[in-house]
Amino acid sequence: MPVRLGELAVRFGCELRGDPDASVERVATLQDAQPGTLSFLANPRYRKHLATTGASAVVLDAASAAECPTNALIAANPYATYARIAQVLHPEHSFAGGRHPTAVVDPQAQVDPTAWIGPHCYVAAHAVVGAQVFLGPGTVVLERARIGAASRCVARVTLCADVHVGERCLFAPGVVLGADGFGQAPDKDGYVKVPQVGAVRIGNDVEIGANSTIDRGAIEDTVIEDGVKIDNQVQVGHNCRIGAHTVIAGCAGISGSVTVGKRCMIGGMVGVVGHLEICDDVYLTGKTMVSHSITRPGLYSGQLPLDEARRFRRNSARFQNLDELARRVQKLERSKNDQGGPADE
Amino acid sequence: MPVRLGELAVRFGCELRGDPDASVERVATLQDAQPGTLSFLANPRYRKHLATTGASAVVLDAASAAECPTNALIAANPYATYARIAQVLHPEHSFAGGRHPTAVVDPQAQVDPTAWIGPHCYVAAHAVVGAQVFLGPGTVVLERARIGAASRCVARVTLCADVHVGERCLFAPGVVLGADGFGQAPDKDGYVKVPQVGAVRIGNDVEIGANSTIDRGAIEDTVIEDGVKIDNQVQVGHNCRIGAHTVIAGCAGISGSVTVGKRCMIGGMVGVVGHLEICDDVYLTGKTMVSHSITRPGLYSGQLPLDEARRFRRNSARFQNLDELARRVQKLERSKNDQGGPADE
Amino acid sequence: MPVRLGELAVRFGCELRGDPDASVERVATLQDAQPGTLSFLANPRYRKHLATTGASAVVLDAASAAECPTNALIAANPYATYARIAQVLHPEHSFAGGRHPTAVVDPQAQVDPTAWIGPHCYVAAHAVVGAQVFLGPGTVVLERARIGAASRCVARVTLCADVHVGERCLFAPGVVLGADGFGQAPDKDGYVKVPQVGAVRIGNDVEIGANSTIDRGAIEDTVIEDGVKIDNQVQVGHNCRIGAHTVIAGCAGISGSVTVGKRCMIGGMVGVVGHLEICDDVYLTGKTMVSHSITRPGLYSGQLPLDEARRFRRNSARFQNLDELARRVQKLERSKNDQGGPADE
């Protein structure tokens with residue numbers, strides 16, 4: 001449904017340069033925008049498309065506004081402002097409370113009448129489903145699990161027993177919350193399973209991507225604090241605590257008993273060894289292995305970049321003798337000094 | 001059901017050395033083959049089993065045919081020919097159109113009468129299910145999604161809203177197509193969700209393995225072109241385009257807005273950083289991290305091979321001072337030249 | 001339900017120092033223990049909490065017993081003994097045999113009357129479900145699959161056709177057993193699917209974590225031997241054999257046709273290239289890539305540790321010229337020898 005630019009400017013605190021009565025009704029990229037669309041410029045690599053955009057309005061910062069060929073909504077943080085306007089133009093589909101005839105809700109479950117329990121869902125005894133919760137098809141909520149107001153499970157999400165979820169969370173298909181942690185006690189004839197009697201506690205405004213898994217604690221709970229955003233196929237082991245407003249990119253794996261601070265950014269395929277602590281405001285680039293605790297905020301890396309395969313193989317063969325190479329350099333240095341070579345500059 | 005070798009030779013363009021009236025009815029490995037089975041030789045490491053095979057026929061190339069102790073089906077590409085014959089001997093199970101009584105199909109969905117909608121499936125409003133489509137148990141097809149003729153979802157596959165799938169595709173259990181991309185706009189109090197209003201478009205003859213995930217686009221569609229083959233637990237981020245006939249091995253992760261060319265081979269656990277372009281005919285060995293665009297076809301690597309742990313630790317400790325080591329070598333070189341040492345050969 | 005320490009000491013072969021009539025009813029960590037709880041000390045990093053614990057009893061080894069401020073259960077292997085006692089204090093929930101009204105069981109399936117078939121489960125023709133098997137909500141057991149006595153599928157597990165599972169196994173939500181292996185024969189116009197006609201055979205006492213996938217064999221079966229423990233999001237390719245009592249941590253990926261020995265420990269995110277053999281008793285640290293077979297037991301590594309990003313970038317730039325650096329060092333060494341420098345020590 002079309003929205004006037006004047007209304008958007010007021011609602012989201014933008015300066016409007018252009019026609020307040022022009023309206024937009026959906027979003028588009030700068031290069032493919034048609035009349036009636038809203039676009040944005042946040043990443044400088046797309047600036048080249050600004051001058052020729054067909055959008056009816058563009059969200060951008062003050063420095064770029066002069067180049068804007070159409071109505072400009074000027075914001076200090078164009079990407080976040082764009083995101084908020086896009087939420088208005090493309091609202092979540094609404095739903096009425098109730099349950100699909102194929103849903104199974106245990107009589108001892110407590111389900112708010114404004115919640116929707118979709119086809120083939122199962123809600124077990126003593127589970128609690130809050131107001132305006134959406135459980136998409138095939139979602140499973142096991143015994144005593146709780147899911148807070150306005151949280152949504154798109155489809156085929158599993159909340160295992162005793163998992164507690166806050167409000168306004170979003171879980172993509174295939175998410176598993178509260179499966180047993182990997183507790184195996186070695187013994188002479190193999191392993192003895194260590195019962196995982198803790199649960200998972202998830203704060204408010206948490207988003208978890210498709211097929212990600214958050215294990216329940218061995219004794220105490222695994223905790224995901226408010227505002228954490230987790231991408232697809234991420235694994236969080238038992239007893240972890242992930243600090244508020246940390247983001248974790250796809251395919252990362254956090255071993256058990258790891259504490260991650262607040263506002264961290266964990267890149268894709270990062271792996272964190274168990275029992276470590278990562279302080280607040282740590283950024284890890286993709287594929288880094290965290291093998292010791294991190295006590296200072298900052299940016300950390302650990303994965304070699306790719307190279308042409310033959311060259312890489314030659315270099316990695318040398319790597320396997322790097323310690324010896326370093327010793328040979330030391331010997332050359334000592335030899336030079338013994339010869340009374342020129343003093344070090 | 002047994003098939004005569006003469007018939008297979010004609011149908012698949014092989015030269016037959018042996019008895020055209022001999023028949024085979026299932027496949028076997030060279031070393032475990034019994035009478036009535038068909039085997040093949042494509043990988044030289046298994047040549048040692050050829051002379052003693054019990055198979056009734058072997059598919060192999062002309063160079064190996066002289067060593068074949070049984071009927072030989074000679075093909076230029078033995079592995080592909082074997083695959084085609086195996087499809088005949090072990091056909092997909094056939095099914096009649098219809099729907100299981102527990103399936104839920106929205107009255108506004110459009111389902112071809114030759115399609116099968118299995119137990120506990122859900123097909124939402126305005127979804128379109130083509131001819132001879134197979135939806136195995138627990139499959140979910142959300143609003144306006146479309147799945148083309150003869151495509152199959154083995155079990156528990158999720159097609160999110162607006163996803164379009166071509167013909168003759170195969171999706172393993174747990175596949176999630178069209179979950180929200182990971183769009184989070186940082187703001188002063190955390191992150192603002194960026195609505196993901198694009199969808200996923202999948203071509204014809206695409207195969208996607210168990211628990212793999214393909215995210216919907218932020219604005220435009222994520223695209224998987226014809227003939228792409230994706231293994232298990234692969235993650236493809238929003239706005240990616242994967243070129244035709246590219247194969248992606250297990251556990252690889254492609255970040256958002258990446259373009260991969262045609263006929264690429266992406267090894268297991270490869271990670272690709274966001275917003276990059278990989279040209280056609282690029283091969284990436286396992287675990288490589290792609291941190292910049294690739295503009296030339298070829299073979300690329302980036303992961304060190306394993307080593308005995310103590311030795312690896314010594315070498316990686318030296319790696320942490322590699323820049324300094326290189327500077328020390330430079331200094332030695334300069335020092336040598338200052339001394340008037342022997343000229344470089 | 002409370003259990004007397006005297007009973008536990010007898011049942012699990014511990015020496016009890018303290019009151020045999022004291023009882024415990026649940027487990028706790030040393031630092032958060034309340035009266036009525038049992039704790040344990042196995043990892044030295046938690047020894048600091050022993051003196052002040054509020055637990056009613058602690059399982060520990062003889063060397064630590066003197067420091068224990070409360071009842072001590074002394075065991076040679078405190079962690080395994082703790083695990084066994086915790087299983088008594090926190091037993092698996094019991095269930096009666098039967099099936100939920102929404103479960104679909106093919107008339108040609110064979111289901112033991114003591115097994116439980118949960119809501120929205122599907123058991124196909126000729127499947128066999130053993131005594132006291134638990135199939136949680138949304139579990140799918142396809143044609144001819146078999147699952148042995150006392151095995152449990154928590155929720156939304158998929159057993160594809162012909163998969164055989166032993167006794168007392170535990171599968172977490174999202175596990176997929178027996179999806180097609182990744183068999184694609186390259187041909188001039190793309191790939192030909194290689195039918196995957198083998199199955200998966202899983203021994204007794206195997207545990208597989210959430211969203212892990214074990215592919216069916218191409219011709220023969222993929223085999224997981226007794227007592228193997230697999231964490232979340234692990235991928236095991238077709239034709240693999242994983243030896244008894246091997247453990248595989250989260251997000252590891254084993255390519256096709258790999259043989260892993262017995263009692264191995266495979267760290268998180270380890271990747272193994274296809275067609276390799278790993279002997280018994282191999283330990284691989286996290287993120288290692290196994291690119292050649294391993295024939296000697298031992299500990300192996302292959303992933304660089306993280307570093308401050310700028311420093312890492314400088315060092316990895318040098319890595320890209322490591323072969324050349326090594327050649328330069330050789331030249332310096334030759335030059336020194338030509339000059340008649342001091343003999344090597």
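Order of the sequence lines sets the chain letters (A, B, ...), proteins ahead of strands, with each chain counted from 1. Bear in mind the structure is a predicted one, so any value in this text is a computation, not a measurement.
Residue contact with chain B, scored on non-hydrogen atoms closer than 4.5 Å, involves the side chain of A:Ala155 exclusively. Of the atoms belonging to B:Cys160, it is side-chain heavy atoms, and not backbone ones, that fall under 4.5 Å from chain A. The contact between A:Thr102 and chain B is made entirely by side chain atoms (from C-beta outward), counting heavy-atom distances below 4.5 Å. With a 4.5 Å cut-off on non-hydrogen atoms, A:Gln330 touches chain B through its backbone and its side chain both. Looking at B:Ala326, neither its backbone nor its side chain comes within 4.5 Å of chain A, counting heavy atoms on both sides. Only the side chain of A:Phe40 comes within contact range of chain B, judged by heavy atoms closer than 4.5 Å. If you measure heavy-atom distances from A:Pro173 to chain B, the contacts under 4.5 Å come from both the backbone and the side chain. For A:Arg84, the parts sitting under 4.5 Å from any heavy atom of chain B are the backbone and the side chain alike.
Between A:His120 and A:His100, the angle of the ring planes lies from 30° to 60°, which puts this pair in the tilted group.
The interface of residues 314-322 of chain B with chain A, defined by heavy-atom distances below 4.5 Å, comprises B:Arg314, B:Asn315, B:Ser316, B:Arg318, B:Phe319, B:Leu322.
Heavy atoms from other residues, nucleotides or ligands lying under 6.0 Å from CZ of A:Arg45 number more than 12.
Looking at residues two or more places apart in sequence or on another chain, you find a side chain to side chain contact (heavy atoms under 4.5 Å, CB included) between A:Arg152 and A:Glu92, A:Phe134, A:Leu170. For A:Ser212, the side chain to side chain contact (heavy atoms under 4.5 Å, CB included) partners are A:Ile208, A:Ile230, A:Val234, not counting sequence neighbours.
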What pairs of donor and acceptor atoms, side-chain ones from residues 283-290 of chain B against any protein atom, are under 3.5 angstrom apart with sequence neighbours left out?
| from | atom 1 | to | atom 2 | distance (Å) |
| --- | --- | --- | --- | --- |
| B:Thr285 | OG1 | B:Thr288 | OG1 | 3.4 |
| B:Thr285 | OG1 | B:Tyr300 | O | 3.4 |
| B:Thr285 | OG1 | B:Ser301 | OG | 2.9 |
| B:Lys287 | NZ | C:Met269 | O | 2.9 |
| B:Lys287 | NZ | C:Lys287 | O | 3.2 |
| B:Thr288 | OG1 | B:Thr285 | O | 2.8 |
| B:Thr288 | OG1 | B:Gly302 | N | 3.1 |

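A donor-acceptor pair shorter than 3.5 Å can be found between the side chains of A:Asn232 and B:Asp215.
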